[in-house]
Amino acid sequence: MNIQNLIETKVKEGFLALYEIEIPTVEFQATRKEFEGDITVVVFPLLRYKKGNPTQIAEDLGNYIIKNVKEINRFNVVKGFLNLVIDDAFYSNFFNAIYQQNNYGFVSSKPEEKSIMVEYSSPNTNKPLHLGHIRNNLLGYSVAEILKASGKKVYKTQIINDRGIHICKSMLAWQKFGNGETPASTGLKGDKLVGNYYVKFDQEYKKEINQLIARGKTEEEAKKEAPILLEAQQMLRNWENGNSEVTQLWEKMNGWVYDGFNITYKNLGVDFDKLYYESDTYLLGKDVVAQGLEKGVFYRKEDGSVWCDLTDEGLDEKIVLRSDGTAVYMTQDIGTAIQRVKDFSDVGGMVYTVGNEQDYHFQVLFLILKKLGFDWAKQLYHLSYGMVDLPSGKMKSREGTVVDADDLMIEMAETAKSISEELGKLDGYTEEEKSELYKTIGLGALKYYILKVDPKKRILFDPKSSVDFQGNTGPFIQYTYARIQSIIRKADFDFSNPVSIDLHEKEKEIIKILETFPEVVQQAAANYSPAIIANYTYDLVKEFNSFYQNVSILGEENKDKKIFRVQISKKVGDTIKLAFSLLGIEVPERM
RNA sequence: GGCUCCAUAGUUCAACUGAAUAGAACAUCAGAUUUCGGCUCUGAGGGUUGCAGGUUUGAGUCCUGCUGGAGUCACCA
């Protein structure tokens with residue numbers, strides 16, 4: 001039982017003993033540093049149950065607690081705040097108890113609990129991944145890891161948007177202008193090569209539009225009638241009819257893109273347990289629509305299209321099947337969700353990592369699935385995140401203002417290199433080891449920069465400040481980790497057994513932060529927020545650096561104190577590593 | 001226009017879901033190392049939390065209105 005729970009039951013007990021009143025909850029906060037104490041009971045909310053002077057009530061409760069809780073022997077009252085001083089012995093005992101724990105803060109999954117499927121990435125196969133995908137990937141991966149650490153079983157998945165008119169556009173442009181180019185013949189990554197032809201299509205399309213306008217068409221007409229667009233539309237029909245020439249081209253070019261994506265995913269350090277392809281799922285959902293019609297969840301209009309009326313829930317009417325009987329995006333998503341539960345029978349919920357421009361879509365999707373009566377529909381979560389803006393404004397792929405994912409990772413590693421060459425302690429590292437390290441640091445900077453902000457908020461990505469390595473940054477935390485490892489390497493004595501010492505004030509502060517880690521993991525999971533983990537790690541590291549600067553570790557003369565300080569350093573290092581693993585960030589032994 | 005989300009130091013972000021004098025980092029200024037890794041640490045200045053009301057013992061947080069910004073309202077995905 002942790003100390004807060006213990007105090008909570010004692011406060012309740014005390015309230016009953018003093019006033020014969022039962023209270024449901026007790027509100028706590030960490031004691032502000034200008035007052036003496038470690039944990040604070042906020043008395044104001046209790047006034048609802050017992051009218052009176054908050055200071056007096058706090059005094060009474062404080063006296064009750066020091067008599068009945070052996071870990072607490074002093075208290076003070078400031079207005080309605082009861083500041084409790086927890087005995088040092090509690091903290092050193094607590095530290096000794098967690099020191100040997102390997103995955104302190106993580107909870108292993110229970111076999112009887114349902115799994116969660118986390119979807120993220122889900123790119124189109126007509127262009128390379130960019131900065132927006134990076135945020136998506138980092139968030140999805142991290143939330144999946146956090147859910148695992150909080151005790152859930154997790155499947156990571158993505159649905160690859162491998163069909164549709166946009167795919168045909170790059171195929172067509174390659175067919176017309178590609179001269180048989182391949183990734184092998186050009187040395188280009190497959191996704192980059194295909195992306196070039198997507199751009200090429202757009203250029204040709206614009207050219208044709210202008211020609212048509214010059215011949216007297218309106219802009220609107222020109223956009224609809226441009227021959228290259230008509231050709232692409234025909235190609236899509238051919239694909240849907242299974243035309244073998246188109247299918248072969250599609251398989252070949254998508255293969256190039258997958259090879260390219262796999263390299264990017266590997267460099268980014270993300271992975272998936274199961275892949276879904278839109279070409280397999282785009283026809284799903286139609287039979288469910290039929291069932292929904294029978295149940296009265298949907299209704300058919302005169303022209304044959306099928307709709308769901310959500311006006312009672314404050315939303316609109318939403319189409320789920322076109323008048324020609326073909327599926328729309330919503331149909332597909334309904335079908336895919338159901339398919340996933342069929343494929344993985346233990347799935348009890350899903351997380352969709354998709355940008356906030358689709359907030360409405362997911363609101364509707366979840367509502368429809370609930371109406372259809374699936375029990376897992378209550379456990380669906382749209383991990384909605386804000387856009388990534390550049391100082392120059394919005395990223396637009398057609399205008400070439402996107403930040404390419406591969407390029408960005410390379411740039412970050414190069415910045416890391418130039419800083420490390422100046423300041424690093426890398427004697428004895430091979431060139432290969434160094435290059436790996438630069439990647440670790442560069443990625444650490446990038447990932448931390450993106451994950452430390454609340455997913456819901458938009459991010460302004462300034463390439464200049466994202467490569468900052470000081471203050472609240474990934475490399476700052478990695479540096480602290482490397483420094484701790486340096487201490488451990490130099491500690492040539494046995495520090496594996498617990499010792500008993502009087503705590504230094506800074507040591508106590510670190511232990512207090514370590515104590516909250518399990519709760520922070522749970523909180524991050526409950527909020528689907530890697531930012532909570534990032535901010536926690538930074539607080540821990542800042543406190544450790546202050547300790548490091550203020551006390552001598554290996555230079556300490558008292559043997560037990562020296563041992564304890566190495567132990568606390570080690571535990572901080574272990575916790576940094578664990579916390580960063582939840583963000584998908586690696587930590588270096590040296591840097 | 002309807003609906004949804006956002007607005008906090010010069011800048012980038014926090015604030016445990018309603019509690020003490022709104023906290024960090026960057027930048028600025030002033031300090032610290034015969035010391036375990038100075039990519040560090042200590043300190044200072046910097047705020048009417050977009051504006052105006054309201055609820056509450058207590059509001060950055062909840063409610064209403066307004067201003068500014070974004071998204072969305074396709075038989076697109």
Side-chain angles (χ1 to χ4, degrees), chain A residues 27-32 34-35 40 42-45 47-48 54 78-81 83 124 161 163-166 278 282 301 303-307 314-316 318-330 332-333 355-361 363 384 386-387 389 394 416 419-420 422-425 441 449 452-454 456-462 465-466 468-473 475-480 482-491 516 519-520 523 527 531-532 534-536 538-539 542 545-556 562 565-566 569 590-591:
Chain A
E27 198 169 316
F28 289 96
Q29 60 182 249
T31 305
R32 294 181 72 104
E34 59 264 42
F35 304 110
T40 295
V42 187
V43 178
F44 295 107
L47 298 179
R48 234 180 304 166
V78 182
K79 293 188 234 171
F81 297 91
N83 302 322
N124 293 333
N161 300 300
R163 49 140 258 131
I165 187 74
H166 49 292
E278 195 194 346
Y282 80 109
K301 283 193 179 175
D303 63 4
S305 57
V306 179
W307 297 71
L315 304 174
D316 299 327
K318 193 77 192 176
I319 188 158
V320 291
L321 211 57
R322 292 192 187 101
S323 52
D324 63 5
T326 54
V328 292
Y329 184 42
M330 189 61 76
Q332 204 186 123
D333 270 6
N356 64 6
E357 69 273 12
Q358 295 198 36
D359 283 355
Y360 186 72
H361 172 78
Q363 215 183 329
S384 165
M387 287 194 161
D389 288 320
K394 216 168 153 174
I419 293 176
S420 286
E422 202 180 321
L423 302 163
K425 312 248 170 184
I441 300 171
Y449 183 84
K452 77 174 176 184
V453 320
D454 183 7
K456 288 192 290 287
K457 298 200 171 172
R458 339 175 40 109
I459 285 188
L460 180 78
F461 187 86
D462 183 353
S465 64
S466 66
D468 217 327
F469 284 15
Q470 284 162 13
N472 191 358
T473 66
F476 169 83
I477 293 166
Q478 288 173 323
Y479 172 75
T480 305
R483 214 186 201 186
I484 289 170
Q485 302 319 303
S486 168
I487 292 170
I488 292 169
R489 280 194 296 271
K490 286 182 181 155
T516 63
E519 190 190 319
V520 167
Q523 199 195 333
N527 290 293
I532 291 172
N535 288 322
Y536 169 83
Y538 179 62
D539 286 341
K542 219 165 30 133
N545 278 327
S546 177
F547 159 77
Y548 179 93
Q549 202 73 221
N550 275 281
V551 305
S552 188
I553 299 169
L554 297 175
E556 169 61 42
K562 183 160 78 171
R565 286 176 186 171
V566 172
S569 303
R590 295 193 225 170
M591 63 189 277

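In what follows, chains are A, B, ... by sequence order, proteins preceding strands, each numbered from 1.
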Applying side chain to side chain contact (heavy atoms under 4.5 Å, CB included), can you list everything that pairs with [X], at least two apart in sequence or on another chain?
X        : answer
A:Glu27  : A:Val42, A:Pro45
A:Leu47  : A:Phe44, A:Pro54, A:Ile57
A:Asn124 : A:Asn126, A:Lys127, A:Asn161, A:His166
A:Ala491 : A:Phe493, A:Phe495, A:Leu554, A:Val566

Worksheet entry | Separation of atom CG in A:Asp359 from atom P in B:C73, rounded to whole Å |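 Rounded to whole Å, this separation is 11 Å.
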Practice prompt. In whole angstrom, give the distance that lies between atom CD of A:Gln358 and atom P of B:C76.
Written response: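 Result: 15 Å.
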Mind checking if [X] touches a base, just sugar-phosphate, or nothing, with heavy atoms under 4.0 Å?
X        : answer
A:Ser546 : sugar-phosphate
A:Pro54  : nothing
A:Thr40  : base

Practice prompt. Report the residue (A:Asn161 or A:Asn83) whose heavy-atom-nearest nucleotide on RNA chain B is the more 5′ of the two.
Written response: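 Result: A:Asn83.
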Fill in: 5'-most by nearest nucleotide on RNA chain B - A:Ala531 or A:Glu357
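Between the two, 5'-proximity favours A:Ala531.
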Worksheet item: In what stems does RNA chain B take part, counting only runs of at least 3 consecutive Watson-Crick or G-U pairs whose two distances fall under 3.5 Å?
Response: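 B:1-7 with B:67-73, B:10-13 with B:23-26, B:28-32 with B:40-44, B:50-54 with B:62-66 - these are the stems of 3 or more pairs that involve RNA chain B.
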Practice prompt. Would you check if the distance from the ring center of A:Tyr479 to the ring center of A:Phe469 is below 6.0 Å?
Written response: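 No.
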Please name all residues satisfying side-chain hydrogen bond (donor to acceptor under 3.5 Å, both in side chains) with [X], sequence neighbours left out, ordered by chain then number.
X        : answer
A:Tyr282 : none
A:Arg163 : A:Glu240, A:Glu278
A:Thr516 : none

Fill in: nucleotides 25-39 of chain B: protein proximity per nucleotide (B base, S sugar-phosphate only, - neither; heavy atom, under 4.0 Å)
SS---------BBSB
Worksheet entry | N/O (side chain, A:Arg458) to phosphate O (OP1/OP2, B:G71) under 4.0 Å |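 Looking at the OP1 and OP2 atoms of B:G71, neither is under 4.0 Å from any side-chain N or O of A:Arg458.
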Practice prompt. Compute whether any side-chain donor of one residue and acceptor of the other, for A:Asn545 and A:Arg483, lie under 3.5 angstrom apart.
Written response: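 Distance-only check passes for A:Asn545 and A:Arg483.
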